[in-house]
Undergrad: 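Below you'll find the structure I mean.
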Amino acid sequence: MLLLRTFAPWLLLAFLGRQVSLSSGVRHANRGADRTPAPGRAQRSGDKTAANGRGKFSIDAGMQCTWGARDVADAVRLTVKCENPEARIKGGVTDLECQYNGKPQRCPGYQSDPKGFWKQVGRAFKRLQGKACRDDRALVRATMCKRAPRDAHFKLDMSSSVASAQSGQAETPLPPRFNSTAARPTACTRRADHQRKAEEHCSSSWVSLCSFFFSILQSDDC
């Protein structure tokens, strides 16, 4: 009985200590679970990276283009839209639109330095020039991803490429030029008139001389 009274407090302390240790472990586990990213959080981070991808560039013939990125399933799609206002007057390609698809998630720089990644994509578009929306062999590559797999770069979807063209405005035809000499009698006609007047007013022997005088008197005739 004395032995039980001696060890009972120690057994109680040991039991309480174990309970405190277990409770502390549970609290630490819960804190670790709170810090674990929720499902879909990594995807939302990727969405934000893609949403920040946009820019401008120009190609030949004064056409101005804009591009923007958005996530599509496990890939990223770049939509390019171009416009040339001068072509609406002079004629030529007025609008151009297309899409590029790629999986930049396979490039480490896409997540570690998204700002730098999209700057390099913008430079790649500027280097394309006349190949933009026209050549599916010309990939849009970020320099930091040059060692990434091929599908990490953006490739043109030729089925999405649409172009609109317009012919130039027709020139207004000039009014016909009035020929002021068309209504004037010719020299032969005037000469025939003098001859007829001489025959009417002069005898046959004086016709030639009368015709000569008529031509002198009428100064506007020949």
Undergrad: Distance from D71 atom CG to R77 atom CZ, nearest 0.5 Å?
TA: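 That separation rounds to 11.0 Å.
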Undergrad: Could you report the tightest heavy-atom contact between W118 and V76, atom names first, then the distance?
TA: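 Scanning both residues completely, I find the closest heavy atoms to be CH2-CG1, 4.2 Å.
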Undergrad: Identify each donor-acceptor pair in which a side-chain atom of residues 139-148 lies under 3.5 Å from a protein atom, sequence neighbours left out, and give them as a table.
TA:
residue, atom, partner, partner atom, Å
R141, NH1, H153, NE2, 3.3

Undergrad: Hey, are the side chains of R88 and D95 touching, using non-hydrogen atoms and a 4.5 Å cut-off?
TA: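 A side-chain contact exists here, since the closest heavy-atom pair is under 4.5 Å.
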Undergrad: Which heavy atom of G102 sits nearest a heavy atom of A75, and at what distance?
TA: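 Closest approach of G102 to A75, heavy atoms only: O-CB, 3.3 Å.
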Undergrad: Tell me whether C133 and C98 have SG atoms closer together than 2.5 Å.
TA: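 Looking at C98 and C133, their sulfur gamma atoms lie closer than 2.5 Å, so the answer is yes.
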Undergrad: Are V72 and F117 joined in one hydrophobic group, where the rule is that I, L, V, M, F, W and Y side chains link up if heavy atoms are under 4.5 Å apart?
TA: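 They do not share one cluster, since no chain of ILVMFWY contacts under 4.5 Å joins V72 to F117.
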Undergrad: Any chance you could lay out the side-chain contact (heavy atoms from CB on, under 4.5 Å) test for N84 and T94, step after step, and finish with the verdict?
TA: CA-CA 5 Å; N84 186 358; T94 58; 5.6 Å; no
Undergrad: Considering only NZ, NE, NH1 and NH2 on the basic side and carboxylate oxygens on the acidic side, decide whether K131 and D136 come within less than 4.0 Å.
TA: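 Salt bridge absent between K131 and D136.
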Undergrad: Quick one: ring-ring contact (aromatic ring centres under 6.0 Å, His included) partners of F154, sequence neighbours excluded?
TA: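 Per chain and number, F154 pairs via ring-ring contact (aromatic ring centres under 6.0 Å, His included) with no residue.
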Undergrad: I'd like to check D74 versus Q105 (side-chain heavy atoms, cut-off strictly below 4.5 Å). Are they in contact?
TA: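 When only atoms from C-beta onward are counted, Q105 and D74 do not touch, as no gap falls below 4.5 Å.
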Undergrad: Checking the side chain of S161 only, and the main-chain atoms of R134 only, is there a donor and an acceptor separated by less than 3.5 Å?
TA: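 No: the side chain of S161 does not pair with the backbone of R134.
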Undergrad: In terms of relative ring orientation, are F125 and F57 parallel, tilted or perpendicular, with 30° and 60° separating the classes?
TA: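 Plane angle under 30°, so parallel.
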Undergrad: Apply side-chain contact (heavy atoms from CB on, under 4.5 Å) to residues V93 and M63 and explain how you reach the verdict.
TA: CA-CA 9 Å; V93 179; M63 182 167 285; 3.7 Å; yes
Undergrad: Could you measure the distance from the CD atom of E97 to the CD atom of E83? Nearest 0.5 Å is fine.
TA: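 If we round to the nearest 0.5 Å, E97:CD and E83:CD are 11.5 Å apart.
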Undergrad: Determine, step by step, whether V121 and W67 satisfy the side-chain contact (heavy atoms from CB on, under 4.5 Å) criterion, reporting the C-alpha distance in whole Å, the side-chain angles of both residues, the deciding distance to 0.1 Å, and the verdict.
TA: CA-CA 10 Å; V121 169; W67 62 271; 4.0 Å; yes
Undergrad: Do D157 and N101 have side-chain heavy atoms sitting under 4.5 Å apart?
TA: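 Yes; the side chains approach each other to less than 4.5 Å.
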Undergrad: Can you see which heavy atom on L156 is nearest to which on Y100, and at what distance?
TA: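 Closest approach of L156 to Y100, heavy atoms only: N-CD2, 3.3 Å.
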Undergrad: Give a yes or no on this: more than 12 heavy atoms of other residues, nucleotides or ligands lie within 6.0 Å of atom CD of Q129.
TA: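 It does: Q129 CD has more than 12 such atoms within range.
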Undergrad: Could you tell me whether the side chain of S58 and the main chain of Q64 form a donor-acceptor pair under 3.5 Å?
TA: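 No, S58 side chain to Q64 backbone: no donor-acceptor pair under 3.5 Å.
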